[in-house]
A.B. asks: 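One structure, pasted below without further comment.
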Protein chains: 2
Amino acid sequence: MMMDARKFRILQAIIDDYILTAIPVGSRTISKKYEMGLSSATIRNEMSDLEELGYLDQPHVSAGRIPSAKAYRLYVDQLLERGVISTGESESIHHYFDDRTRQMEDVINHAAKVLSGLTHYTSLVLSPKGQELRIRNLQLVPVSSTSALVVIVTDGGIMRDTVVEVGPGLDADALYSISRMLTERLGGRTLSEAQQLLEESSREMQEHHRKLTGNIAQFMGQAGSGSKAKLALGGPSNILNFPEYSDVEKAKGFLSVLETKDKLVDLLEKQGGMAFTVRIGPETGIPELSDCSLVTATYRLGDHNHGTIGVIGPTRMHYGQVLSILNAMGQQLSILLGQNKE
Amino acid sequence: MMMDARKFRILQAIIDDYILTAIPVGSRTISKKYEMGLSSATIRNEMSDLEELGYLDQPHVSAGRIPSAKAYRLYVDQLLERGVISTGESESIHHYFDDRTRQMEDVINHAAKVLSGLTHYTSLVLSPKGQELRIRNLQLVPVSSTSALVVIVTDGGIMRDTVVEVGPGLDADALYSISRMLTERLGGRTLSEAQQLLEESSREMQEHHRKLTGNIAQFMGQAGSGSKAKLALGGPSNILNFPEYSDVEKAKGFLSVLETKDKLVDLLEKQGGMAFTVRIGPETGIPELSDCSLVTATYRLGDHNHGTIGVIGPTRMHYGQVLSILNAMGQQLSILLGQNKE
DNA sequence: TGTTAGCACTCATCAAAGGCGAGTGCTAAC
DNA sequence: GTTAGCACTCGCCTTTGATGAGTGCTAACA
């Protein structure tokens, strides 16, 4: 037995209905509501076939069918092929941002809020990884007599800062001249290049500079490895709007995953630069999310950097709408963060 | 009728039991479990009095009694009077911090996690307000040809940063000399003093400097007013562990409040420097939290600055334990953040 | 006068029973 | 290949009744 066009149409109708109602779909519903021109009995036969093919599950014998993960997969692949992603939403999303928020952290927090507001799902926004960012300016600001704040301005406009120990006897002017020197030498390079360069050159340096440059190099390593990519969450409690999560235990599991952000960051980073990924149920690889779907999209920042935005919701998600919104939001973020570049 | 010692003992027993079990307490339970040396009948009479006095509620006629907000209030006031706060926990809390995390944001995030882990409630940690922080160093770092990053190092070790527009034609060296000048003039002053000073002096300045100083002054106003005090949440989903919140609707309300942090910040700032405050049920002023209690404590940072830590849980909270932990955590935070001061 | 035993009464909770209805699979006719 | 008809299944809801925890009241007791 094979999947034919009619089976597919029926499957699609079932998925659409289930996405809307969250209750198992019966043959009669499909026959009447979706004007197939077929009687419920015929639908039943087809549904029986679809179940055999693994696209439908039956919670119990006298209930309707619900789509399996495999069915959603088919559905989504179809959506992506047909390119349902419209960019018309881009403009409306623009309104949600006001132009003053340019700080990376504010932007991603706000983006997460907008995204969860628009989709009514839980949203995730991951800031770009710093790996490929190029240094534009580096400056040491004295904090105490033995420590200084490192400020790095990159072409992504992202500033990461940390406090490093500096040797004693370096006053503000000394730090400034070091800053100038470092900016001169490292400007235009990526963080990882700069790190390497610093480590090499520190050998030839005087004793009391060596420690400082070593610390800075280490910091660049951290910042560059992207281990500190910031994650913003939007509307975590949105999940409670769905009957799938009216069970408190399940809700707790879901929310717990959100609290330990590490797993989520890993998951989002697996995206690997693809325009869109859709992970359905078990495909997420996190047991607590086994009846969720995670839809992610990439936004670009310059030629080498990208961040990730995503939405988590029940497997019966409005995939088309979500993909479209993610697409629009991604573009908006690229524009917004790109302004720092000029 | 008056509250006497015996009534109080009985009330205390009822509260203790209800904190433990979350089920209405009957007269028999008190009589047997708490060795009052009184029969259940006598307890019943007393309970009836306590209800009349407003300390107990009865969910329905054939159920036991539950403590009212007024009862918790009495209970907590008693606790505070007796000074149940031990400092013994301080040392153990120390272990949860590793010494490298000195950045304000990391510290408060971590503190929130530790706090929710120890108490099993939802925790809140508010960073200190900047109002009284004294400027130690101010520096402008070029970001683009027309904008610069303002970095202010204060005696709290807190760095707040924002991007300001600068007039054209100011290169790195020019910015540095401005920075030096500003540091010279503003060092040792509080943010609000500095703001005022800047605004006054900007009148006498050249045209293209005026805008810059104006922007910096504005930023100081924002930072100083504390509107940007950072709030970290710990274990939001902990609330779901309590049967009071096994109702999904209630849980959603609770979590929604957590998502809009503004209200919480307001609530925490009302603390006003008191060592401890306990808000029970309606005292929180937020409808969604009307059957929660919020316990907050202050930690000091230097002589003029303070932050707030707190715990939200059901009204039947382990007040004694929570107060004790908050006390210890507050001390630890003061020490940890104080290290930036030297 | 305060305390206690006894008793009738209330009412939430739980489990069992039964009706309802949505939905199925199968069969026979078109 | 499609459809109408029908018996059957089984989750869901409501009803019912038993259970038991807990109360308020009264009368007896120290």
Side-chain angles (χ1 to χ4, degrees), chain A residues 1-11 13-18 20-68 71 243-244 246-247, chain B residues 1-11 13-15 17-18 20-68 243-244 246-247:
Chain A
M1 181 206 339
M2 271 277 298
M3 185 73 158
D4 58 19
R6 194 173 74 175
K7 279 192 178 54
F8 186 76
R9 273 212 335 278
I10 291 172
L11 181 58
I14 293 172
I15 296 176
D16 284 340
D17 200 76
Y18 189 69
L20 228 62
T21 64
I23 50 180
V25 189
S27 54
R28 216 182 118 81
T29 313
I30 299 302
S31 165
K32 297 262 160 160
K33 200 159 142 194
Y34 290 86
E35 295 172 359
M36 289 277 156
L38 294 171
S39 80
S40 65
T42 310
I43 306 284
R44 271 204 292 285
N45 289 331
E46 296 287 39
M47 282 166 93
S48 180
D49 290 353
L50 283 168
E51 186 173 353
E52 204 174 316
L53 287 166
Y55 291 106
L56 293 180
D57 290 327
Q58 201 169 14
H60 56 86
V61 63
S62 78
R65 309 299 216 285
I66 61 175
S68 68
E244 285 90 335
S246 56
D247 174 26
Chain B
M1 183 201 344
M2 272 277 299
M3 185 76 159
D4 58 21
R6 194 174 75 176
K7 279 193 178 56
F8 186 76
R9 274 213 333 278
I10 291 172
L11 180 57
I14 292 172
I15 296 177
D17 200 76
Y18 189 69
L20 228 62
T21 64
I23 50 178
V25 188
S27 55
R28 217 183 116 83
T29 312
I30 298 302
S31 166
K32 295 260 160 160
K33 201 160 142 194
Y34 290 86
E35 296 172 356
M36 289 277 158
L38 293 171
S39 80
S40 66
T42 310
I43 306 284
R44 271 205 291 286
N45 288 330
E46 295 288 38
M47 281 164 92
S48 179
D49 290 353
L50 283 168
E51 186 173 352
E52 204 174 316
L53 287 166
Y55 290 106
L56 294 179
D57 289 330
Q58 203 171 11
H60 56 86
V61 63
S62 80
R65 309 300 217 284
I66 62 176
S68 69
E244 283 91 334
S246 56
D247 176 24

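Atoms considered below: every heavy atom in the structure, side chains included; atoms not considered: hydrogens, waters and symmetry mates.
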A.B. asks: Quickly work out the A:E46 CD to D:dG1 P distance and round it to whole Å.
C.D. replies: 10 Å
A.B. asks: Specify the separation, in whole Å, of atom NZ of A:K32 and atom P of D:dT3.
C.D. replies: 13 Å
A.B. asks: I'd like to compare against my own output: the B/S/- annotation of nucleotides 22-30 of chain D with a strict under-4.0 Å heavy-atom distance to protein.
C.D. replies: SBB------
A.B. asks: Roughly how many Å is it from CG in A:D57 to C1' in C:dG23, rounded to a whole number?
C.D. replies: 16 Å
A.B. asks: Which pairs pass side-chain hydrogen bond (donor to acceptor under 3.5 Å, both in side chains) with one or both residues in residues 24-36 of chain B, sequence neighbours excluded?
C.D. replies: B:D17-B:K33, B:D17-B:Y34, B:S27-B:R44
A.B. asks: Just verifying a value: how many Å separate A:L50 CG and A:I10 CD1, rounded to the nearest 0.5 Å?
C.D. replies: 6.5 Å
A.B. asks: Quick one, A:T42 with A:M36, criterion side-chain contact (heavy atoms from CB on, under 4.5 Å). Give me CA distance, side-chain angles, the key distance, then yes/no.
C.D. replies: CA-CA 10 Å; A:T42 310; A:M36 289 277 156; over 6 Å; no
A.B. asks: How would you list, by chain and number, every residue that makes a side chain to side chain contact (heavy atoms under 4.5 Å, CB included) with B:D57, sequence neighbours excluded?
C.D. replies: B:I66, B:S68
A.B. asks: Just how far is it from atom CD of B:E52 to atom CG of B:D49, taken to the nearest 0.5 Å?
C.D. replies: 6.5 Å
A.B. asks: Please state how far atom NE2 in B:H60 lies from atom C1' in D:dA21, giving the value in whole angstrom units.
C.D. replies: 9 Å
A.B. asks: How long is the line joining CD1 of A:I43 and P of D:dA4, in whole Å?
C.D. replies: 12 Å
A.B. asks: For B:R6, which residues count as a side-chain hydrogen bond (donor to acceptor under 3.5 Å, both in side chains) partner, sequence neighbours excluded?
C.D. replies: B:E46
A.B. asks: Could you list the residues that satisfy side-chain hydrogen bond (donor to acceptor under 3.5 Å, both in side chains) with A:E51, not counting sequence neighbours?
C.D. replies: A:R65
A.B. asks: Hey, what do you get for NZ (A:K7) to OH (A:Y55), rounding to the nearest 0.5 Å?
C.D. replies: 11.0 Å
A.B. asks: Pairs counted only when both distances fall under 3.5 Å, Watson-Crick or G-U: show me the 5' to 3' dot-bracket for DNA chain C, [ ] for pseudoknotted crossings and | for other-strand partners.
C.D. replies: ||||||||||||||||||||||||||||||
